[in-house]
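Working notes, structure below.
Just so you know, ligand 1 is whichever comes first in the structure, and atom 1 is the first atom listed for that ligand.
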Amino acid sequence: MSTDTKFGNYGGQYVPEALMPAIDELTDAYRRYVLENEDGFMDEFRDRIRDFGGRPTPLQRAEQLSARYGVDVYLKREDLLHGGAHKLNNALGQVLLAKYMGKERIIAETGAGQHGTATAMAAAHLDMPCEIYMGRRDINRQRPNVFRMRINGAEVTPVDVGRGTLKEAISETMRDWATTVETTHYVIGSIVGPAPFPAMVRDFHSVISEEIRAQSLDRLGGLPGSVVACAGGGSNTMGAFAELLDNEGVTLYAVEAGGSSLTVDEEAGVAPHSASLSTGEEGVLHGARTKLLQDSHGQIMESHSVSSGLDYSGVGPELSHLVDTGRVKPVTVGDDDALEAFHRLSQDEGIIPALETAHAFGFLEAVAGPDGDGSVEFDEPIVVNVSGRGDKDLEAAIEETEKRNLENAPRMEVFDR
Ligand SMILES: *Cc1c(COP(=O)(O)O)cnc(C)c1O
């Protein structure tokens, strides 16, 4: 763990002057409480993520997948963490940090509502008032998550600016923070944003790879050969990789959303994918220099993915750096293959994964499945980080499945039309 503000060329603090006092105060708190365990902060975090969150999460052998691919496949079950995804590690860590800093109020932004939900849960648990900014369009698309946040006592504030999605919600939250920094902490939801957020969010999630390391040594008699995780902003990815970075024998794969195609039509202004690590160019977004989807004029392009959690034009600066150094290998899996993998894991292993997570399994199939391209010789055993469960995605998965003619999907014709 370190207070690095830069990862190679990436990272930094590209924020308006008004936010610098908040960033400086947070950097100091991060160093004291997280890195130096002042007042036993990290001990309390570990106790709470165990008792409230349900850690450690299991490392489970995937029997059908191991047989299908002829390699040993293990699942790191972050879907079993409270809330159904890895996101609570970070949300709980930051809300607790805000308490130690003497803050009285939590704000966050959310797109699909997963980060907002995790933050609302953590704030209720720690008895902190919480306000979540969410684009108007996203609110209407994500009703169940809006109910979850409200039921946990959070205020959900619609953002009507622009297209009413995540990008506008982030700007609105930044504006709030700049004027309320004395009393308020802004909980960023991935390893993105200005320093110290990328390093701090990584440190809260690195409990995932700490456990992978200990569980593998204990149960498999050694470290994994490969670790596979999906990457949107990249927080579950870095969490699954962090404590294994120094072990060069462990191959690390970050699976990005290949969307409907990797070919970009600039006229459209929207990329049909979210593969910023694989195809992006250096630029500045949300306070950090990183790999981004941008057009030939340097304008940020909107992204696309069937999974809302991977649908982001940027990615964490540390991951960008690790891709440049060759330590992390970026790969892409498209919408169709992710959906197929969603059904395969559900039917073969009895685990309905989040659509984000399904991308990681789509990668195994694309390489080692019956029609696999054999492009990679996997080092065994493989650990796949199951970043979240798919309950939140059932409507979307059914709708997207019906648009396609997927061989391995169940039909929903038990319902009256
Ligand atoms: C939010 C989310 C992601 C993507 O976020 P990262 O920061 O890239 O981890 C992936 N999987 C699930 C289940 C999520 O909820």
Side-chain angles (χ1 to χ4, degrees), residues 57 75-91 93-94 108-119 121 138 142 144-145 148 166 170 187-193 197-198 200-202 204-209 227-242 253-257 274-277 286 288 290-291 303 305-320 322-323 328 330 332-333 338 341-342 345 351-363 384-394 396-397:
T57 60
L75 310 176
K76 181 57 176 164
R77 299 289 308 274
E78 289 297 293
D79 59 314
L80 293 178
L81 192 67
H82 179 45
H86 66 289
K87 285 195 165 69
L88 183 69
N89 297 320
N90 170 50
Q94 285 199 51
E109 92 297 317
T110 196
Q114 292 303 110
H115 173 56
T117 304
T119 305
M121 283 176 356
D138 284 337
Q142 308 285 347
N145 274 336
R148 271 180 212 124
L166 178 63
I170 292 178
V187 179
I188 284 189
S190 191
I191 54 162
V192 301
F197 281 107
M200 181 174 73
V201 175
R202 173 202 63 204
F204 288 132
H205 280 302
S206 63
V207 61
I208 302 172
S209 47
V227 179
V228 179
C230 66
S235 67
N236 88 90
T237 333
M238 275 312 298
F241 295 173
Y253 296 98
V255 186
E256 297 193 282
S274 309
S276 33
L277 286 174
H286 298 141
T290 188
K291 288 184 191 288
S303 54
S305 169
V306 70
S307 73
S308 51
L310 301 187
D311 196 349
Y312 181 59
S313 312
V315 65
E318 186 170 16
L319 262 185
S320 291
L322 289 169
V323 164
V328 169
T332 63
V333 165
F342 170 91
L345 195 73
I351 297 168
I352 302 178
L355 283 174
E356 292 85 3
T357 314
H359 286 73
F361 291 97
F363 172 54
V384 183
N385 194 36
V386 186
S387 58
R389 66 175 186 224
D391 303 53
K392 68 183 178 63
D393 290 326
L394 294 184

Q. Can you pull the residues with any heavy atom under 4.0 Å from ligand 1?
A.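 Protein residues near ligand 1 are His86, Lys87, Ser190, Cys230, Ala231, Gly232, Gly233, Gly234, Ser235, Asn236, Gly309, Ala354, Glu356, Ser387, Gly388.
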Using only heavy-atom distances, determine whether the side chains of [X] and [Y] contain a donor-acceptor pair under 3.5 Å.
X      : Y      : value
Ser320 : Thr290 : yes
Glu256 : Thr332 : no
Asn385 : Glu78  : no

Q.
Could you check whether any side-chain heavy atom of Phe342 comes within less than 4.5 Å of a side-chain heavy atom of Leu355, counting everything from C-beta outward?
A.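 SC-SC contact between Phe342 and Leu355 confirmed.
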Q) Angle class for the Tyr253/Phe363 ring planes (parallel below 30°, perpendicular above 60°, tilted otherwise)? A)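 Plane angle between 30° and 60°, so tilted.
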Q: Can you see which heavy atom on Ser209 is nearest to which on Ala242, and at what distance?
A: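 Closest pair (atom of Ser209, atom of Ala242, distance): OG-N, 3.6 Å.
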